[in-house]
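Notes for the one structure printed next.
Labels below follow one simple rule: chain letters A, B, ... track the order of the sequence lines, proteins then strands, and each chain is numbered from 1.
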Protein chains: 4
Amino acid sequence: MGSTPRRGDTRQRIQDVALELFAAQGYEKTSLREIAEHLEVTKAALYYHFKTKEDIVLSLFQDLARPLDELIAWGQEQPRTLETKLELLRRYSAALDTAEPMMRFVHENQATVRELRVGPIFKERVLTLSGLIRDPEAPLLEQTRSVTALFTLHARMFALQTLEGDPKDKREALLEVALDLLTQAHASSDDA
Amino acid sequence: MGSTPRRGDTRQRIQDVALELFAAQGYEKTSLREIAEHLEVTKAALYYHFKTKEDIVLSLFQDLARPLDELIAWGQEQPRTLETKLELLRRYSAALDTAEPMMRFVHENQATVRELRVGPIFKERVLTLSGLIRDPEAPLLEQTRSVTALFTLHARMFALQTLEGDPKDKREALLEVALDLLTQAHASSDDA
Amino acid sequence: MGSTPRRGDTRQRIQDVALELFAAQGYEKTSLREIAEHLEVTKAALYYHFKTKEDIVLSLFQDLARPLDELIAWGQEQPRTLETKLELLRRYSAALDTAEPMMRFVHENQATVRELRVGPIFKERVLTLSGLIRDPEAPLLEQTRSVTALFTLHARMFALQTLEGDPKDKREALLEVALDLLTQAHASSDDA
Amino acid sequence: MGSTPRRGDTRQRIQDVALELFAAQGYEKTSLREIAEHLEVTKAALYYHFKTKEDIVLSLFQDLARPLDELIAWGQEQPRTLETKLELLRRYSAALDTAEPMMRFVHENQATVRELRVGPIFKERVLTLSGLIRDPEAPLLEQTRSVTALFTLHARMFALQTLEGDPKDKREALLEVALDLLTQAHASSDDA
DNA sequence: TATGAATGAGTATTCATTCAT
DNA sequence: TATGAATGAATACTCATTCAT
């Protein structure tokens, strides 16, 4: 057959194609017409499954941000020790493995996402996460180090391209750099 | 007074308003109508000064990327020592002080910028810069550390918001974290 | 009543109105807004049925050039005798009866049509037709006479206005002049 | 030197370039910006020499239609004999040698020209000319033949391309065909 | 679970034209 | 004899969205 009309999974297929195009070309430059054409359905069909274009993004966020929420929930139950934070970094890095397409979309369309309903939601997640990793009582330098550790993990989405090598190796290297940074942050904090 | 029609500086004013709006709302969501209204001129006036919307971005890039180009030129003439690279970081941080609006725009509109004529130009600058700071012979981990040092400086454009404190202090803290990272990269490289 | 919204024939109505306006005022001077207003639909409705303004012309050409294509096909199957060519003129004259609006449009907007996608297509038809009626071996004068015979039939679209009288009579007169011209062309060819 | 700024002949140069572009791409598709760029002057400079875009056409017509007017004047003073009419054709053919660019422009932009101020003026010339060549008392067929003779001379502007050969030879062939047609028209008129 | 047909509001861009200098 | 700077009105085209079927 080749292009057998899949039954019941249209919603899923819309999400897949949409995320792919949004990430590749940007949210604004991707029209519903384009998405529909990729799926060989009409634009109106999209509206059967999603009330608006923005709702597609919202649904993508909800599906893909689950791991992130679980991570935050876990973090909030742990003691605020260095070991907890190191584990937080390890788990965040793992979470990014599945959430990467969505994260890349958010990362590359920040100006746009900020004006979408997911904008505030997303920002709050990031703030919470950074709140879990830094100690608001610590000196600015150490807080900076901690936060840098967190965002270093995002580098897989852009600085990654610069270097050659197996993506997995690079992710592990990034994690190691991040873990180091956090450890240093704590070391000097303890000195002071 | 108040709205005295300024002479001869219209081109400059277009650039200013455009960069402001592009950075605040995104390139696609900012229409030429909106820019024109902010300036109290007609859309057609914009077209007297710039051939297309994209050309406004190009001109912004050319004006604001000067410091970056000078930095790269400087870097290419220096010996590839640790001290050179540390100075590179310091100078890059300083360069970001003036280039920040443009950098923020690029950062928050990556998906869009990629499809613009400035996209490839910009990417090439970043690659060159990262080529100046890392040693392609070094192990992956150390290269990762070096590149992370570079991109850490960009954090002022987003992670900055997370922390309280004087922006200047934060920038200095970021620079210190970056310098540390680079120093470590070299230290372990030398060990091996 | 009066302006009952017709069902399913919108595409056809767009073609009708467009051809009428294109022929009357020219392609460039006829805006899609104008066509839409004549039809009491929005501009966007036109774009549902045709991808571009040029595509409207293309579709008109395809619908109306059918008789011409059939004529050419017929001509290519016949022996290249005088009688065939005379019949070709008769049939061409008849074909013009239905193709006249389109032919008038092409005739009066030559500079424009030349830059459209139909331009080359149309030109090729005319060349083929003229290739069927003249003998490339004959002396220049006789070829000129033959080609003139062909184009004389077009005179109904302009020289027609000069003379008074029933349009049908004039068309018949033109045909007779054309047939005469062709006969003479052959007569003198045979002499030589 | 190479592009020495010619003094005083700007008006003439505008006319030349305008006619060239109008004929090549059409009146509507040729913008004043384009004309100005070809001449390496500003659009505003065109407005120093001509009040409107249409005025350029008007001026072209006035300069180039002179031969035509003289021809008509001559024709109106002659006796309405066959010989006069044959000479009219000969002179018209000669007039076309210089007026051809303008005639081609009119011919290929009929829909546009009709709406310009030159439209009616031009039409009147053509009607007058055709009035000089046909006999309103003659049967329709003979009038048709006479008018066809006249318009046959226009064929150099389009049917010309079809045939190979020296342009001059082709023009002479067309003239001969036209003269023949007119002679026949008279012959049969006299019979009847 | 979709489609065909349409809309209203918008977009970037172009044009002929004007006018102070 | 020009130019620099601008305008107002238009143009082709696109988009997210709607709704009857």
Side-chain angles (χ1 to χ4, degrees), chain A residues 5-11 27-36 39-56, chain B residues 5-11 14 28-36 39-56, chain C residues 5-11 14 28-36 39-56, chain D residues 5-11 27-36 39-56:
Chain A
R6 304 159 197 75
R7 292 207 143 247
D9 62 345
T10 303
R11 197 190 137 95
Y27 176 78
E28 321 266 8
K29 285 208 70 164
T30 304
S31 68
L32 294 183
R33 176 178 56 66
E34 204 176 350
I35 297 177
L39 292 166
E40 293 180 280
V41 295
T42 50
K43 269 181 293 171
L46 305 185
Y47 279 90
Y48 177 81
H49 293 281
F50 299 96
K51 255 187 13 226
T52 67
K53 185 183 181 185
E54 198 181 335
D55 275 5
I56 302 183
Chain B
R6 301 155 199 77
R7 281 267 157 97
D9 60 346
T10 305
R11 196 189 139 96
I14 294 172
E28 322 265 8
K29 287 209 70 160
T30 304
S31 68
L32 293 182
R33 178 184 51 69
E34 204 176 351
I35 297 177
L39 293 166
E40 292 180 281
V41 295
T42 54
K43 272 179 292 168
L46 305 185
Y47 279 93
Y48 176 75
H49 294 280
F50 298 96
K51 257 187 10 221
T52 66
K53 185 182 180 185
E54 195 180 338
D55 273 8
I56 302 183
Chain C
R6 300 156 199 78
R7 283 263 157 96
D9 60 345
T10 305
R11 196 189 140 95
I14 293 172
E28 323 264 8
K29 287 210 70 160
T30 304
S31 68
L32 293 182
R33 178 183 52 68
E34 204 176 351
I35 296 177
L39 292 166
E40 292 180 283
V41 295
T42 54
K43 273 178 291 168
L46 305 186
Y47 279 93
Y48 177 76
H49 293 280
F50 298 95
K51 256 185 14 223
T52 65
K53 185 181 179 185
E54 196 181 336
D55 273 8
I56 302 183
Chain D
R6 302 159 199 75
R7 294 204 141 252
D9 63 345
T10 303
R11 195 189 140 94
Y27 176 78
E28 322 264 7
K29 286 209 71 165
T30 303
S31 67
L32 293 183
R33 177 178 56 66
E34 203 175 351
I35 297 176
L39 292 166
E40 293 179 280
V41 295
T42 51
K43 269 180 294 169
L46 305 185
Y47 279 89
Y48 177 80
H49 294 280
F50 298 96
K51 259 196 357 236
T52 67
K53 185 182 181 187
E54 197 181 336
D55 274 7
I56 302 182

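Glu54(A) contributes atom CD, which lies 5.5 Å from atom OH of Tyr27(A) (distance to the nearest 0.5 angstrom). One finds the OG1 atom of Thr52(A) at 11.5 Å from the CG atom of Leu46(A) (value rounded to the nearest 0.5 Å). With rounding to the nearest 0.5 Å, the separation of CD1 in Ile56(D) from CD1 in Ile35(D) is 5.0 Å.
By the salt bridge (Lys or Arg N to Asp or Glu O under 4.0 Å) test, Glu34(D) pairs with no residue at all, sequence neighbours left out. With sequence neighbours excluded, the residues forming a side chain to side chain contact (heavy atoms under 4.5 Å, CB included) with Tyr47(B) are Leu32(B), listed by chain and number. Scored by the side chain to side chain contact (heavy atoms under 4.5 Å, CB included) test, Arg33(B) finds Ser31(B), Glu37(B), Lys43(B) as partners (sequence neighbours excluded). Ala44(A) pairs by the side chain to side chain contact (heavy atoms under 4.5 Å, CB included) definition with Thr42(A), not counting sequence neighbours.
Within the structure, every side-chain polar atom (N or O) of Thr10(B) is placed at least 4.0 Å from both OP1 and OP2 of dA5(F). Side-chain nitrogen and oxygen atoms of Tyr48(C) include at least one within less than 4.0 Å of the OP1 or OP2 phosphate oxygen of dA5(E). Note on His49(B): a side-chain N or O is less than 4.0 Å away from OP1 or OP2 of dA6(F). Applying the 4.0 Å criterion to OP1 and OP2 of dG4(F), one finds that Thr42(D) has every side-chain N and O outside that range.
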DNA chain F base-pair string [pairs: Watson-Crick or G-U under 3.5 Å; |: paired with another strand]: .||||||||||||||||||||
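Across the protein-nucleic acid pair, Leu39(D) atom CG and dT3(F) atom C1' stand 15 Å apart, rounded to whole Å. Protein atom CD of Glu40(B) is 15 Å distant from nucleotide atom C1' of dT7(F), rounded to whole Å. The CD1 atom of Ile14(C) sits 11 Å away from the P atom of dA5(E) (whole-angstrom rounding). We find that CZ of Phe50(B) is positioned 15 Å from P of dT14(E), with the value rounded to whole Å. Leu46(D) places its CG atom 16 Å from the C1' atom of dC19(E), with the value rounded to the nearest Å.
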Spell out protein contact along nucleotides 12-18 of chain F as letters: B when the base is contacted, S when just the sugar-phosphate is, - when no protein heavy atom is under 4.0 Å; keep the 5' to 3' order. SBBBBBB
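Using modelled atom types, one side-chain atom of Lys53(A) and one backbone atom of Thr30(A) make a donor-acceptor pair closer than 3.5 Å.
Between Arg11(B) and Glu34(C), it is Arg11(B) whose nearest contact on DNA chain F lies nearer the 5' terminus.
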Stepwise side chain to side chain contact (heavy atoms under 4.5 Å, CB included) check, Phe50(C) with Arg11(C): CA-CA 8 Å; Phe50(C) 298 95; Arg11(C) 196 189 140 95; 3.6 Å; yes
